[in-house]
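All figures in this text were calculated on a predicted structure; none of them were measured in a lab.
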Protein chains: 2
Amino acid sequence: MSDDRLTRAADRTQAIMRTTLELAQEVGYAKLSIEAVAARTGVGKHTIYRRWPSKGALFLDAVLTPNEPGLHYADTGDIVADLRQQIHAAVDLLGQPPLGPLYRALVGEAQHNPMVAAALNERFIRPQADRTVARLRRAQEQGQLSSEFDLDVAMAILSGPLYFRLLITQEPLTHEYVERVLKVLLAGMTPRP
Amino acid sequence: MSDDRLTRAADRTQAIMRTTLELAQEVGYAKLSIEAVAARTGVGKHTIYRRWPSKGALFLDAVLTPNEPGLHYADTGDIVADLRQQIHAAVDLLGQPPLGPLYRALVGEAQHNPMVAAALNERFIRPQADRTVARLRRAQEQGQLSSEFDLDVAMAILSGPLYFRLLITQEPLTHEYVERVLKVLLAGMTPRP
DNA sequence: CTCTAACGGCACGGCACGTGCCGTTGACAA
DNA sequence: TTGTCAACGGCACGTGCCGTGCCGTTAGAG
């Protein structure tokens, strides 16, 4: 079996990513070192550098891999209910530990490291945004939204204030807050006669 | 004159901050080192550490000090015109070099360093947000906005999508984009009978 | 004419980086 | 069964920057 080789390698990869998340939660991303990850995992530094080119790339993989499928996105036929469900799920996921602080650090690293920024976009941001816009488009085609309504901007208004709180003002993300955002968005969203 | 002492010290402070911005633009914030700033400024490292406790604090000061007054905020009596003027000024300031990339790096650092996050909030984010909400409140009192309209959320909808583009999707900040955001916001903003 | 604080220059120990080398392990092919 | 080979853990190395001492100098303050 050649599977054993691959399985052993995959196991090590998983173990390294687990240790990375552990250490990041204990000391913070800024003080995280590949040296420490290697030591705690019981692995040579080469084994890490063979898989990831930088601390940022390792951290990105460690944070995103367990959340790869992204947020669940229902289509119940009711666009308001679906948007509400989705934005509350985002608050639950990003607004609290464990993922919240890790995700904040990941976005922070993306500001310094273009490779991390690109990968974060492709693996998490864009798929999520695309699903939101697609759902909005279906609603628009069914006449639940005004036909001139700007779907891309609507998506940005759903996400932007959430990220603004998470990254800029650093106030807690609450369900009450996103509900207020949703309310204002809906005021400009419903079809006009 | 004791002024000479203070003047010399202030001159050195200015020179260090100038060099910091220079080097940050040349090599990026990630590769910026206090050692290099000291060397290029022709200054001992102590002289820097005496003024700032960390690279992050130095960078914050270097970026914000020249932009301390914040964005100009007119009150022409027309709330729509004022919001439009203000958000376009934000695009001009943050959407392009030199400040754009520096500001992105600053927000990134704030995700790893609570002191930087707090100072960024107090010196730039909150004053700006407060001015926006205050302007909205005046408009509301004058009946230009519905009395139940959520002013804090309106501010977040003005800022959030802008930061979302700047930090997350990293698409260029354009006047056309913020104009679309404004249009959607206004749809939920006007008074209802 | 001292006194003193801030200074530039230099050296230091410490840490993490990224990269070599070496001996070992274990799956696979001959 | 034996030989091959890639991945591995362990170790050491040179490098860069950290933050902090010390030392001699400089230029106002008293």
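- Distance NZ (B:Lys31) to P (D:dT15): 18 Å, rounded to an integer number of Å.
- Side-chain contact between A:Leu166 and A:Tyr103 is present, with heavy atoms from C-beta onward closer than 4.5 Å.
- Considering only side-chain N and O atoms, B:Arg8 lies nowhere under 4.0 angstrom from the phosphate OP1 or OP2 of C:dA6.
- Separating the NZ atom of B:Lys45 from the C1' atom of D:dG16 is a distance of 10 Å, rounded to the nearest angstrom.
- Ring-plane geometry between A:His175 and A:His88 is classed as parallel, the angle between the planes falling under 30 degrees on a 0 to 90 degree scale with a further cut at 60.
- Taking atom CZ of residue B:Arg50 and atom P of nucleotide C:dA6, one finds them 7 Å apart after rounding to whole Å.
- Hydrophobic clustering (ILVMFWY, side-chain heavy atoms < 4.5 Å, transitive): A:Val27 and A:Ile48 are in distinct clusters.
- Atoms CH2 (A:Trp52) and P (C:dG18) sit 14 Å apart, rounded to a whole Å.
- Residue A:Ser33 has no polar side-chain atom (N or O) positioned under 4.0 Å from OP1 or OP2 of C:dC15.
- Distance CZ (B:Arg40) to P (D:dC17): 13 Å, rounded to an integer number of Å.
- Residues B:Lys55 and A:Glu35 both approach DNA chain D. Their nearest nucleotides, taken by heavy-atom distance, put A:Glu35 toward the 5′ side.
- With centres under 5.5 Å and a plane angle under 30°, the ring of A:His46 is stacked against the base of C:dT19.
- Under the 3.5 Å distance criterion, with hydrogens and angles disregarded, a donor-acceptor pair is assigned to the side chains of B:Arg51 and B:Thr13.
- An OP1 or OP2 oxygen of C:dG8 is reached within less than 4.0 angstrom by a side-chain nitrogen or oxygen of B:Thr47.
- For B:Arg51, no side-chain nitrogen or oxygen approaches OP1 or OP2 of C:dA6 to under 4.0 Å.
- As a whole-Å value, the separation of A:Asp11 CG from D:dA7 C1' is 14 Å.
- For A:Tyr49 and D:dA7, the OH to C1' distance is 18 Å, given to the nearest whole Å.
- At whole-Å resolution of the value, CD1 in A:Ile48 and P in D:dA7 are 16 Å apart.
- The cationic group of B:Arg165 lies under 6.0 Å from the six-membered ring centre of B:Tyr177 and within 45° of the ring axis, placing it in a cation-pi geometry.
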